[in-house]
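Computed from a predicted structure; not experimentally measured. Position 1 is the first residue of the sequence; numbering continues from there.
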Amino acid sequence: MRKQKGFSLIELLIVVAIILIIAAIAVPNLLRSRMAANESSAAGSLRTISTSNVTYSTSYNIGFAGTLASLGPAAGAATSAAADLIDGTLAAGTKSGYIFTYGAPAAAPTVVAPNATYTTNGLPVGADTTGVSSFCIDQTNVVRKDPNSSVHAPSTVNVACDDGTGAYPAM
């Protein structure tokens with residue numbers, strides 16, 4: 001009788017069981033890391049919008065942009081309707097698992113009626129899936145964070161930033 005080489009079925013099952021146990025431990029950590037990365041990206045995107053709004057206000061002398069798309073890419077030369085200050089993904093309102101809603105008093109600011117205020121919210125596409133916290137920024141350029149995103153459902157309605165007394169305390 002010849003000696004057989006290889007692994008027995010029991011040995012292979014033990015190895016598979018060990019791999020499954022390691023995966024069961026690693027996957028939740030991976031998901032938490034992904035949500036943390038999405039939240040960091042959302043806060044960074046709000047800072048980008050804020051900086052772009054300051055640049056917009058300085059460049060066009062009509063206050064802040066009327067829409068998020070006004071800060072977005074231009075087909076040709078930059079104008080107040082397409083200032084080319086943020087990338088197209090962010091200008092579309094969704095980036096890294098977050099929906100960004102933008103609110104300003106007037107859709108198209110002018111020299112006669114400039115926009116003195118704006119509010120931008122970053123809400124997770126799926127609460128407890130793509131992110132846990134909601135973020136907000138306004139003309140004060142302070143990023144505010146609400147650790148309970150389930151209070152704010154993603155929608156086209158813009159929730160006003162609070163000054164720290166309510167839902168959005170300063171970070």
Measuring from atom [atom1] of [X] to atom [atom2] of [Y], what distance do you get when rounded to the nearest 0.5 angstrom?
X: Ser96; Y: Asn38; atom1: OG; atom2: CG; result: 5.5 Å
X: Thr120; Y: Leu90; atom1: OG1; atom2: CG; result: 9.0 Å
X: Ser134; Y: Asp146; atom1: OG; atom2: CG; result: 5.5 Å
X: Ile14; Y: Ile10; atom1: CD1; atom2: CD1; result: 6.5 Å

Exercise for the section: Using distance alone, with no hydrogens and no angle criterion, decide if Thr119 and Asp138 have a side-chain donor and acceptor under 3.5 Å apart. Expected result: no
Exercise for the section: For Thr58 and Thr55, test the side chains for any donor-to-acceptor distance below 3.5 angstrom and give the result as yes or no. Expected result: no
Handout entry: Lys/Arg-Asp/Glu bridge criterion (N-O < 4.0 Å) met for Lys95, Asp87
Key = yes
[X] to [Y] - nearest heavy-atom pair and separation:
X: Phe100; Y: Ser45; result: CZ-CB, 3.6 Å
X: Ala82; Y: Ala74; result: O-CB, 3.3 Å
X: Ser50; Y: Ile137; result: CB-CD1, 3.5 Å
X: Asp84; Y: Pro73; result: OD1-CA, 3.4 Å
X: Ala83; Y: Ala78; result: O-CB, 3.5 Å
X: Lys145; Y: Ser133; result: CE-OG, 3.0 Å

Practice task
Take Ile62 and Asn115 through the side chain to side chain contact (heavy atoms under 4.5 Å, CB included) test and state the conclusion after the steps.
Solution key: CA-CA 7 Å; Ile62 56 174; Asn115 279 344; over 6 Å; no
Are [Y] and [X] linked, directly or through intermediate hydrophobic residues, by side-chain heavy-atom contacts shorter than 4.5 Å (ILVMFWY only)?
X: Ile21; Y: Leu13; answer: no
X: Met35; Y: Val27; answer: no
X: Ile18; Y: Phe7; answer: no

Problem - Sole candidate of Pro109, Pro114, Ser70, Ser80 that passes side chain to side chain contact (heavy atoms under 4.5 Å, CB included) when paired with Tyr60 - result: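 That would be Ser80.
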Sidechain-backbone polar pair: [X] side chain, [Y] backbone, donor-acceptor under 3.5 Å:
X: Glu39; Y: Val132; value: yes
X: Thr48; Y: Gly44; value: yes
X: Thr130; Y: Val125; value: yes

Handout entry: Ile49 and Leu68, any side-chain heavy atoms less than 4.5 Å apart
Key =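 A side-chain contact under 4.5 Å exists here.
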Exercise for the section: State yes or no: are the ring centers of Tyr102 and Tyr118 separated by less than 6.0 Å? Expected result: yes
Practice task
Give the intermediate values and the outcome of side chain to side chain contact (heavy atoms under 4.5 Å, CB included) for residues Arg144 and Phe135.
Solution key: CA-CA 6 Å; Arg144 300 179 186 282; Phe135 298 91; over 6 Å; no
Exercise for the section: Assess whether side chain to side chain contact (heavy atoms under 4.5 Å, CB included) is satisfied between Leu71 and Asn53, documenting all intermediate values. Expected result: CA-CA 7 Å; Leu71 296 171; Asn53 254 320; 4.0 Å; yes
Practice task
Start with the C-alpha gap between Thr117 and Phe64, add the side-chain angles, then the distance that decides, and say whether side chain to side chain contact (heavy atoms under 4.5 Å, CB included) holds.
Solution key: CA-CA 7 Å; Thr117 64; Phe64 300 116; 5.6 Å; no
